[in-house]
Amino acid sequence: MSEVRSPQVKRAILGAEVAAGFGPGKVILLGEHGVVYGEPALAAPLRVGVQAVARAAERCSVVCPRDLSPVHRRALEEAFARAALLTGAPKVQVSLKSDLPVSMGLGSSAALSVAVARALIAAAPPRPGRKASELEVALAMEKVFHGTPSGVDHATSACGNPVLFKQGKVKPLVAKRPIDVVVVLLGDRPSTKDTVRGLRERQARWPDRYRRLFREIGHVAREGAEAVTSGELESLGDLMNLNQGLLCALQLSSDRIDAMTRELRAMGALGAKLTGAGGDGGAVIGLFEDAAGAVRTLSKNGVNCFASRLAG
Ligand code: PMV
């Protein structure tokens, strides 16, 4: 007689995989920081990201990656506790695997949040009442990592498409032409929390002049969304260059970042800018017709980079 196992029996076997979830990283093509002040941002998911695997266990817990600093470990444990609370703390141990560079402006904490939210929701046993959505669980985690995130990172990761994001609302976009970028990793940078806080202090002191710049960043992001849907890549690249100028005006760029944007443009990038919170370091993106060719040239010169197709 063949053995028949109900899902409950399978769940009881400790160590058995019961659910998994993937969260892709993201790049902000246009509109970082303005989005914190209610303006739209244009963002798109990367192909790389974080995978969360949930295995049956005595209680709900997360395995912290060994190379995490004590600060990041505490943040992960607190964020996971919030996600567990919202999903009814299913009896699983969640382990994480990432091929996304951390703290580079590529949305690694949002990718992790989406992956964990997906795995815990899928592992949660049926229970009465309203269930928290993937976005709610991921946002609760992001708040631990970032303080007051705009939400663009985890919304883009969860959506899996290029999006125009504004004040919690996500508009998925259909790109008319493939969008290929080179992502250059410059190295460590200040935390998003600190960079956002520094800008908030300047903005609070001189609100009118900063409001004007945020508004302009919002216009650039809206025009960028039109360029994506109409396939006007040259226009999108020009908007990226303008956005880099606005980020410089906000004192969020650095000599290293500026030099890399110039190098990418000299190599034929249609546009280049920092992506994410900025500061000194992090990631710079360049929009290319032939991103793979650009990566070959840059790699020969010792630049740490990869190509990613964001749409199409
Ligand atoms: O550097 P990242 O990937 O954390 O990007 C943050 C984007 C900001 O607009 C600077 C902050 C936010 O909450 O949107």
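Order of listing sets the numbers, starting from 1, for every ligand and every atom in it.
Which parts of ligand 1 touch Val35 is read off a 4.0 Å heavy-atom cut-off, strictly below it: atoms 9 (O), 14 (O). Taking a cut-off of under 4.0 Å to the non-hydrogen atoms of Ile28, the atoms of ligand 1 that pass are 7 (C). Near His146, meaning under 4.0 Å from one of its heavy atoms, ligand 1 places the atoms 4 (O). Within the listing of ligand 1, atoms 1 (O), 2 (P), 3 (O) sit less than 4.0 angstrom from a heavy atom of Gly105. Interface atoms of ligand 1 facing Glu32, defined by a heavy-atom separation under 4.0 Å, are 9 (O). The atoms of ligand 1 that sit less than 4.0 Å from any heavy atom of Gly107 are 3 (O). Those atoms of ligand 1 that come under 4.0 Å of a heavy atom in Pro149, given as number and element, are 13 (O). Counting the atoms of ligand 1 from 1 in the order shown, those under 4.0 Å from a heavy atom of Ser150 are 12 (C), 13 (O), 14 (O).
Only one option out of Leu185, Ile28, Asp153 pairs with Leu106 in a side-chain contact (heavy atoms from CB on, under 4.5 Å); it is Leu185. Residue Pro65 is tested with Val62, Leu68, Val63 for a side-chain contact (heavy atoms from CB on, under 4.5 Å); the sole match is Leu68.
Counting non-hydrogen atoms of neighbouring residues, nucleotides and ligands closer than 6.0 angstrom, the CG atom of Asn301 exceeds 12 such neighbours.
Salt bridge present: Arg211 and Glu39 bring a charged side-chain N and a carboxylate O closer than 4.0 Å. A salt bridge links Glu78 with Arg82; the closest basic N to acidic carboxylate O contact falls under 4.0 Å.
Among all protein heavy atoms, the one lying closest to atom 8 (C) of ligand 1 is His33 N, 4.1 Å. For atom 3 (O) of ligand 1, the nearest non-hydrogen atom of the protein is Lys26 NZ, 2.7 Å. When only non-hydrogen protein atoms are considered, atom 4 (O) of ligand 1 lies nearest to Thr192 OG1, 2.8 Å.
The shortest N or O to N or O distance between Ala277 and ligand 1 is below 3.5 Å.
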Report the C-alpha separation of His146 and His154 in whole Å, then their side-chain angles, then the decisive distance to 0.1 Å, and conclude whether the side-chain contact (heavy atoms from CB on, under 4.5 Å) test is met. CA-CA 12 Å; His146 284 317; His154 79 280; over 6 Å; no

Go through Leu247 and Ile257 one step at a time and tell me if the side-chain contact (heavy atoms from CB on, under 4.5 Å) criterion holds. CA-CA 11 Å; Leu247 289 163; Ile257 294 174; over 6 Å; no

Decide yes or no on side-chain contact (heavy atoms from CB on, under 4.5 Å) for Ile285 and Val184, but give the supporting numbers first. CA-CA 6 Å; Ile285 51 170; Val184 176; over 6 Å; no

Evaluate side-chain contact (heavy atoms from CB on, under 4.5 Å) for Lys166 paired with Arg222, printing each intermediate quantity in order. CA-CA 10 Å; Lys166 185 176 187 252; Arg222 270 188 216 97; 4.2 Å; yes

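Of the heavy atoms in Val36, only side-chain atoms (C-beta onward) come closer than 4.0 Å to ligand 1. With a 4.0 Å cut-off on non-hydrogen atoms, Arg189 touches ligand 1 through its side chain and not its backbone.
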